[in-house]
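Scroll down for the structure; my scribbles are underneath it.
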Amino acid sequence: MDKISIQSYLAQLGNRKDPKTGAVSAPIYLSTAYGHPGLGQSTGYDYTRTANPTRDILQEGLAVLENGVQGFATSSGMSAIQLAFSIFPVNSHFVASRDLYGGSFRYFQDMERKGFYSFTYVDDPIDIASAIQDNTAAVYIETPTNPLMKETDIAAVAEIAKKHGLVVIVDNTFYTPLLQRPLDLGADIVVHSATKYLGGHNDLLAGAVVTNDKALGEQLAFQLNTAGGTLDAFDCWLLVRGMKTLPLRMKQHQANAKAVVAYLESEDLIKSVYYPGKGGMLSFTLHDKAYIPAVLDALNIFTFAESLGGVESLITYPTTQTHADIPVEIRESYGLTDDLLRISTGIEDPDDLIADLRQAFAKAAVTAKV
Ligand SMILES: *Cc1c(COP(=O)(O)O)cnc(C)c1O
């Protein structure tokens, strides 16, 4: 078969996987145990933690999407990150982006407190050279950063990391492989919170790990089977279903984000807008943080909620939600202040999103004056 585009590939994900029935939508294999044809023989499936046919379809799709050799589906984004770190020995040191998802930072802090690993945080990962130690094992990058939307040059970081023999791990949740393919830029492992854009419907908790290195793939497979943080068959099917429309959704998320950014830049109450020029995520600060409760209260289409990447538009207040575990001094030192709101644009009509924001700001301005 000729190589088809990623859009066509994803639309067909799971089709032609069940020749016996011709099912177009891949079957959900709930069986945990698989009978053996005879002693020393296997159908390729023994026990569902080790391998499951529905999960295999998803994992193949994840590997293709990120242009890797092996993909893994995990029970959450955090378990994907935990899986990636589980391949390193105790006492390893890591260099990580400063502006990180709060849950990743919490996990790193916990590892450090227990004496398993140590971390050095850099404002711009391009400065990794000065942070590298004898026991540095890997560089961990989130780009664009969350919630300040700063981009990191993955290729430049990977080039430096390779000179020091370091593994490069990239959290690609925000851009998705449609806008950025870290493995093509020199990274070794990509992690995702598939709860976000890959799933896309705010109804599924899942994670993904993809590598383009066979040896790393074997270590990840061993760890995943050993620790057991796999994704169950039903959720694998939900994720396959979500990924079929990823290209369509991303187009609309991005178009909506651009429209909302253009509006916010013209709105008097707004101090600055943070948008890297692509994707569906943006943040903004207000001249007066006193407006924030009234704005959140007045919104009708945007839901005040954690998370991102789904068809429904969400608005988040990072300092009390996603990033609450980052100490005030640390987050303020890199610009994550309490006058900042983060938006994940859904796939609604952009005019409705803008109208919703406009009326909320107008109401907040009136409330604040009273
Ligand atoms: C949400 C998120 C995670 C954690 O994923 P879960 O699916 O919530 O466990 C990790 N990284 C980023 C960038 C995220 O947005």
Side-chain angles (χ1 to χ4, degrees), residues 3 5-7 9-10 59-72 77 80-81 83-85 87-88 94-101 104 120-132 136-146 148-194 196-198 207-217 219-220 243 246-247 250-251 253-254 274-281 309:
K3 209 168 154 26
S5 78
I6 201 70
Q7 183 171 347
Y9 175 83
L10 287 176
Q59 293 188 152
E60 191 186 310
L62 291 168
V64 168
L65 196 52
E66 283 288 8
N67 206 14
V69 294
Q70 211 170 347
F72 301 93
I81 293 167
L83 173 63
F85 278 88
I87 64 173
F88 301 102
F94 300 91
V95 183
S97 310
R98 162 68 68 199
D99 185 13
L100 284 179
Y101 172 67
S104 306
T120 301
Y121 299 94
V122 287
D123 287 326
D124 185 344
I126 207 74
D127 302 328
I128 55 167
S130 59
I132 293 171
T136 304
V139 184
Y140 185 85
I141 305 170
E142 207 179 298
T143 179
T145 62
N146 171 14
L148 294 169
M149 308 297 156
K150 261 194 286 181
E151 284 184 303
T152 294
D153 184 342
I154 297 173
V157 173
E159 197 182 318
I160 305 166
K162 294 294 118 158
K163 281 189 196 136
H164 294 85
L166 309 181
V167 173
V168 177
I169 307 168
V170 177
D171 183 334
N172 201 25
T173 300
F174 270 37
Y175 272 169
T176 83
L178 298 180
L179 298 178
Q180 168 172 277
R181 280 179 146 177
L183 300 179
D184 290 352
L185 300 171
D188 306 289
I189 298 174
V190 174
V191 295
H192 276 275
S193 170
K196 316 296 168 52
Y197 287 107
L198 299 186
V209 180
V210 183
T211 182
N212 57 2
D213 181 295
K214 270 213 167 90
L216 288 176
Q219 293 175 53
L220 290 164
M243 281 161 57
L246 179 65
M250 278 314 281
K251 267 186 214 154
H253 288 303
Q254 178 164 293
Y274 302 91
Y275 182 64
K278 52 185 178 179
M281 296 299 300

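In this text the structure is predicted, and so the values were computed from the model without any measurement.
Residues satisfying the salt bridge (Lys or Arg N to Asp or Glu O under 4.0 Å) test with Glu60, not counting sequence neighbours, are Lys17. Under the ring pair (Phe, Tyr, Trp, His ring centres under 6.0 Å) criterion, Tyr101 pairs with no residue, sequence neighbours left out. The ring pair (Phe, Tyr, Trp, His ring centres under 6.0 Å) test applied to Tyr121 returns Phe105, not counting sequence neighbours. Residues passing the ring pair (Phe, Tyr, Trp, His ring centres under 6.0 Å) test with Tyr274: none are found, sequence neighbours excluded. Residues forming a salt bridge (Lys or Arg N to Asp or Glu O under 4.0 Å) with Lys162 (at least two apart in sequence, or on another chain): Asp188.
Atoms OG1 and CG, from Thr176 and Leu65 in turn, are 7.0 Å apart once rounded to the nearest 0.5 Å. Note: Ile81 CD1 to His192 NE2 = 11.0 Å, rounded to the nearest 0.5 Å. Taken from OG in Ser97 to CD1 in Ile128, the straight-line distance is 10.5 Å, to the nearest 0.5 Å.
Using a 4.5 Å cut-off on side-chain heavy atoms (C-beta onward), Leu220 and Gln70 make no contact. With contacts defined as side-chain heavy-atom distances shorter than 4.5 Å, the pair Asn67/Pro177 does not qualify. Annotation: side chain of Thr136 is not in contact with side chain of His164 (no heavy-atom distance under 4.5 Å). Side-chain contact between Val167 and Phe88 is present, with heavy atoms from C-beta onward closer than 4.5 Å. Proximity of Phe174 to Lys196: side-chain heavy atoms (C-beta onward) are nowhere separated by under 4.5 Å. With a 4.5 Å cut-off on side-chain heavy atoms, Arg98 and Val122 do not count as touching. Considering only heavy atoms from C-beta on, Val69 stays 4.5 Å or farther from Asp213 through its side chain. A heavy-atom distance below 4.5 Å is found between the side chains of Tyr197 and Leu246.
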Worked verdict on Tyr9 versus Val64 for side chain to side chain contact (heavy atoms under 4.5 Å, CB included): CA-CA 9 Å; Tyr9 175 83; Val64 168; 3.4 Å; yes
Residues Glu142, Asp99; criterion side chain to side chain contact (heavy atoms under 4.5 Å, CB included); working and verdict: CA-CA 8 Å; Glu142 207 179 298; Asp99 185 13; over 6 Å; no
Pair Met149-Tyr275, side chain to side chain contact (heavy atoms under 4.5 Å, CB included): steps then yes or no: CA-CA 6 Å; Met149 308 297 156; Tyr275 182 64; 6.0 Å; no
Test log, rule side chain to side chain contact (heavy atoms under 4.5 Å, CB included), inputs Ile169 and Val139: CA-CA 6 Å; Ile169 307 168; Val139 184; over 6 Å; no
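Residue Tyr175 is tested with Glu151, Gln180, Lys278, Arg181 for a side-chain hydrogen bond (donor to acceptor under 3.5 Å, both in side chains); the sole match is Glu151.
Between Phe85 and Phe94, the angle of the ring planes goes over 60°, which puts this pair in the perpendicular group of the 30/60° scheme.
Applying the salt bridge (Lys or Arg N to Asp or Glu O under 4.0 Å) definition to pairs two or more places apart or across chains, none involves residues 163-179.
With hydrogens and angles ignored, the 3.5 Å screen pairs no side-chain donor or acceptor of Asp124 with any backbone N or O of Asp127. Between the side chain of Thr173 and the main chain of Ser193, a donor-acceptor pair closer than 3.5 Å is present. Side-chain atoms of Thr152 never come within 3.5 Å of backbone atoms of Ile154 as a donor-acceptor pair (strictly under, hydrogens ignored). No side-chain donor-acceptor contact under 3.5 Å links Thr143 to the backbone of Thr145.
Scanning both residues, Val168 and Ala161, for their nearest heavy atoms gives CG2-CB, 3.5 Å. Contact detail for Pro247 and Leu178: the closest heavy-atom pair is CA-CD1, 3.5 Å. Closest approach of Gly71 to Ala63, counting heavy atoms only: N-CB, 3.8 Å. Taking each heavy atom of Ala156 and Ile126 in turn, the nearest pair found is CB-CD1, 3.2 Å. Scanning both residues, Ala158 and Ala187, for their nearest heavy atoms gives CB-N, 4.4 Å. Taking all atoms of both residues into account, the shortest heavy-atom contact from Leu183 to Glu66 is CD1-O, 3.4 Å.
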